[in-house]
**Q** 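Provided herewith is a single structure, encoded as structure tokens, for subsequent inquiry.
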Number of protein chains: 2
Amino acid sequence: MAEGTGGPGGGESLLFLTDEQLRKGIEAMFFAYRGFTADPDRILEGMDYGRAHHRAIHFIHRSPGTTVNNLLSILGVTKQSLNRVLRTLIEDGLVESRVGRQDKRERHLVLTEKGAALERELSDAQRARMRAAYRAAGPAAVQGFRQVLEAMMDPQLRRQYQTLKETGS
Amino acid sequence: MAEGTGGPGGGESLLFLTDEQLRKGIEAMFFAYRGFTADPDRILEGMDYGRAHHRAIHFIHRSPGTTVNNLLSILGVTKQSLNRVLRTLIEDGLVESRVGRQDKRERHLVLTEKGAALERELSDAQRARMRAAYRAAGPAAVQGFRQVLEAMMDPQLRRQYQTLKETGS
DNA sequence: CGGTTTATGTCAGCCTTGTTGACTTTCCAA
DNA sequence: TTGGAAAGTCAACAAGGCTGACATAAACCG
């Protein structure tokens, strides 16, 4: 094992690209994603909501006034699927749906105070885990983490992520 | 807010722990996981299998001869849920279930040649994406990636991951 | 030996969250 | 004025989670 960055030829070792290393990354993604969703899931169970509601709430919070179509393209589900979730959130008074000013066909989605409160509770929990992981790994690791994740996305999703990433920072 | 580890005197900045940075990491996980599962999902659609079958096949390949109970604890689902998946895999001749030698209550699971072929197809696709991401990000980033993911896991899952990580390397 | 526990499998029923297909209403824009 | 876009809805279905109840075989223990 081992072999440094500067083997006989001067280039970087490609050992990090072995099937073995890749497999570890794949399994790490699997187990880490479980942790990633665990805290919000715990909060939501018991309420009538699930992970799908969490995702909707997250992105509405993230882009207040976003349209249904916009949300659809971010979440990557069908409108029937999203509508089922949105309907309950609107009925329960967590989300408000406002008719568009310029284009009255559009609905602009915003969190109510009640919705914002749940969003805060969920994202506090998720951020707490993330913060602990970031702190344990350190800033250099975090940078690498984000680089690899970004490279792993489908190009279309990467564009959406980058658009999102820039707004609000 | 802000303020480095050592003030002006040379510690690391804690800017990477801002809510903004954490939110980017959260969204990166969300979008990256979609990419992570996209290729195997594409292969499996049309066959009668889904992501649950993929996971079972992956870990049986990973630990040939593993028992049902062992697989249950790795996958974190109920035995009824796993059994539905295993039954079809066994019926279709992708997985073989062998009565234990010492403990005849146990069933040891192994992939048949047919099962191994599907495993190869799935993991080739998943590794190809991972390899491209690793290559694009570079070895230092990969190390950071794995560090953060590991820190994000629940302690119990982290132990399972680490056990798995060591075997077979 | 007999009782208890463990490992596995199975039936039935439920929930969430995804899908497709068909159809409506409203409204913008050419 | 007409075609198409945005949104919403109904119905039906599938995957993959879950619980609860129960059955069998084997191991283990007193």
Side-chain angles (χ1 to χ4, degrees), chain A residues 30 33-34 37-38 40-60 65-92 95-110, chain B residues 30 33-34 37-38 40-60 65-92 95-110:
Chain A
F30 173 71
Y33 199 78
R34 295 248 294 271
T37 57
D41 282 357
R42 232 185 319 271
I43 292 171
L44 289 166
E45 92 178 0
M47 309 197 197
D48 281 352
Y49 306 128
R51 210 176 282 182
H53 300 83
H54 180 195
R55 291 199 280 258
I57 287 173
H58 174 97
F59 286 107
I60 293 171
T66 185
T67 64
V68 174
N69 253 350
N70 194 354
L71 201 50
L72 278 177
S73 85
I74 287 171
L75 296 176
V77 298
T78 59
K79 103 187 132 151
Q80 294 91 328
S81 205
L82 175 59
N83 195 256
R84 179 164 38 200
V85 165
L86 277 184
R87 202 185 321 172
T88 70
L89 291 176
I90 291 170
E91 279 171 3
D92 296 352
V95 168
E96 193 185 340
S97 169
R98 297 180 182 155
V99 173
R101 290 179 177 276
Q102 296 110 7
D103 189 333
K104 293 183 189 167
R105 291 172 305 179
E106 295 178 341
R107 300 299 136 90
H108 298 282
L109 303 169
V110 287
Chain B
F30 173 71
Y33 199 77
R34 295 250 294 271
T37 56
D41 282 357
R42 231 184 321 271
I43 292 171
L44 289 166
E45 93 178 359
M47 308 195 196
D48 280 352
Y49 306 129
R51 209 176 282 181
H53 300 83
H54 180 196
R55 291 198 280 258
I57 287 173
H58 174 98
F59 285 108
I60 293 172
T66 186
T67 64
V68 174
N69 252 351
N70 194 353
L71 201 49
L72 278 177
S73 86
I74 286 171
L75 296 176
V77 298
T78 59
K79 101 186 135 152
Q80 294 91 328
S81 208
L82 175 58
N83 194 256
R84 178 165 41 198
V85 165
L86 277 184
R87 202 188 319 172
T88 70
L89 291 176
I90 292 169
E91 279 170 3
D92 297 353
V95 168
E96 194 186 340
S97 170
R98 298 179 183 155
V99 173
R101 290 178 176 278
Q102 296 110 7
D103 190 333
K104 294 183 189 166
R105 290 172 305 179
E106 295 178 341
R107 298 301 134 91
H108 298 283
L109 305 169
V110 287

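Note on naming: letters A, B, ... go to the chains in the order of the sequence lines (proteins, then strands), and numbering restarts at 1 for each one.
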**Q** Using the side-chain heavy atoms of A/Val68, tell me which of these nucleotides is nearest: D/dA7, D/dG17, C/dG18.
**A**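 So the side chain of A/Val68 is nearest to D/dA7.
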**Q** A side-chain contact here means heavy atoms from C-beta on lying under 4.5 Å apart; do B/Asp41 and B/Arg51 qualify?
**A**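 In short, these two side chains touch, coming nearer than 4.5 Å.
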**Q** Distance check needed: D/dG16 P versus B/Met47 CE, whole Å only.
**A**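 To the nearest whole Å, that distance equals 13 Å.
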**Q** If you apply the rule side chain to side chain contact (heavy atoms under 4.5 Å, CB included), what do you find for B/Leu82 with B/Leu71, and how did you get there?
**A** CA-CA 9 Å; B/Leu82 175 58; B/Leu71 201 49; 4.2 Å; yes
**Q** Between C/dC15 atom C1' and A/Tyr49 atom OH, what is the distance in whole Å?
**A**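 Interatomic distance, OH of A/Tyr49 to C1' of C/dC15: 16 Å.
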**Q** Would you kindly check whether a donor in the side chain of B/Arg105 faces an acceptor in the base of C/dT6, or vice versa, at under 3.5 angstrom?
**A**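 Yes, the side chain and the base share a sub-3.5 Å donor-acceptor pair.
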**Q** Categorize A/Gln102 for me: base, sugar-phosphate, or nothing, with a 4.0 angstrom heavy-atom threshold over every strand shown.
**A**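 Result for A/Gln102 = sugar-phosphate.
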**Q** From CG of A/Asp103 over to P of C/dA29, roughly how many Å is that when rounded to an integer?
**A**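 It works out to 6 Å between those atoms.
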**Q** Side-chain N or O of B/His53 versus OP1/OP2 of D/dG16: is the shortest distance under 4.0 Å?
**A**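 For D/dG16, OP1 or OP2 has a side-chain N or O of B/His53 closer than 4.0 Å.
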**Q** Could you walk me through whether B/Phe59 and B/Thr66 pass the side chain to side chain contact (heavy atoms under 4.5 Å, CB included) test, one step at a time?
**A** CA-CA 9 Å; B/Phe59 285 108; B/Thr66 186; over 6 Å; no
**Q** From D/dG17, C/dG18, C/dT8, pick the nucleotide closest to the side chain of B/Lys79?
**A**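 In terms of side-chain proximity for B/Lys79, the closest of D/dG17, C/dG18, C/dT8 is C/dT8.
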**Q** Tell me, do A/Arg55 and B/Phe30 make a side-chain contact under 4.5 Å, heavy atoms counted?
**A**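 Answer yes - side chains close enough.
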**Q** Identify which nucleotide among D/dA6, C/dT8, D/dG17 has an atom closest to any side-chain atom of B/Ser81, counting heavy atoms from C-beta outward.
**A**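 Nearest to the side chain of B/Ser81 among the choices is D/dG17.
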**Q** Mind calculating the distance between CZ (A/Arg98) and P (D/dA7) to the nearest angstrom?
**A**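 Value for this atom pair: 16 Å.
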**Q** Between P on C/dT10 and CG on B/Leu86, what's the gap in Å once rounded to a whole number?
**A**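 Between P of C/dT10 and CG of B/Leu86: 10 Å.
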**Q** Go through the N and O atoms of the side chain of A/Lys104 and the base of C/dT26, and report whether any donor-acceptor pair is under 3.5 Å.
**A**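 Answer no: no donor N or O sits under 3.5 Å from an acceptor.
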**Q** Below 4.0 angstrom, which residues in residues 69-78 of chain A have at least one non-hydrogen atom near DNA chain D?
**A**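 A/Asn69, in order of number.
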**Q** When you measure from the side chain of B/Gln80, which nucleotide among D/dC10, C/dC11, C/dA7 comes out closest?
**A**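 Nearest to the side chain of B/Gln80 among the choices is C/dC11.
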**Q** Looking for any heavy atom pair under 4.0 Å, which part of the strands does B/Arg87 touch: base, sugar-phosphate only, or nothing?
**A**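 It contacts sugar-phosphate atoms only.
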**Q** Is there side-chain contact between B/Asp92 and B/Tyr49, with at least one heavy-atom pair below 4.5 Å?
**A**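 With C-beta onward as the side chain, the pair touches.
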**Q** Within the structure shown, what part of the strands sits under 4.0 Å from B/Arg51 by heavy-atom distance: base, sugar-phosphate, or nothing?
**A**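 Since only primed, P, OP1 and OP2 atoms lie under 4.0 Å of B/Arg51, the category is sugar-phosphate.
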**Q** Atom CG of A/Leu89 to atom P of D/dA7: distance rounded to whole Å?
**A**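 It is 16 Å, rounded to the nearest whole Å.
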**Q** Would you mind reading off the distance between B/Arg84 atom CZ and D/dA14 atom P, rounded to a whole angstrom?
**A**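 One finds 13 Å between P of D/dA14 and CZ of B/Arg84, rounded.
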**Q** Reading DNA chain C from 5' onward, which residue's closest nucleotide shows up sooner: A/Gly50 or B/Asn83?
**A**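 Of the two residues, B/Asn83 wins.
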**Q** Looking at every strand, decide which applies to B/His108 at a 4.0 Å heavy-atom threshold: base, sugar-phosphate, or nothing.
**A**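 Since no nucleic acid heavy atom lies under 4.0 Å of B/His108, the category is nothing.
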**Q** I want to check something: taking the side chain as every heavy atom from C-beta on, are B/Ile60 and B/Leu86 in contact at a cut-off of under 4.5 Å?
**A**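 Yes, their side chains come closer than 4.5 Å.
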**Q** Can you say whether a donor on the side chain of A/Arg107 sits under 3.5 Å from an acceptor on the base of D/dG8, or the other way round?
**A**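 Side chain to base: no pair below 3.5 Å.
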**Q** Calculate the interatomic distance between B/Asp41 atom CG and D/dG16 atom P; express it in whole Å.
**A**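 Taking CG of B/Asp41 and P of D/dG16, I get 9 Å after rounding.
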**Q** With a 4.5 Å heavy-atom cut-off, do A/Leu89 and A/His53 have their side chains touching?
**A**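 Contact flag for A/Leu89/A/His53 side chains = yes.
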**Q** Can you sort out the partners of A/Glu96 under side-chain contact (heavy atoms from CB on, under 4.5 Å), two or more places apart, ordered by chain and number?
**A**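 Counting only residues at least two positions away or on another chain, A/Glu96 forms a side-chain contact (heavy atoms from CB on, under 4.5 Å) with A/Arg98, A/Val110, A/Thr112.
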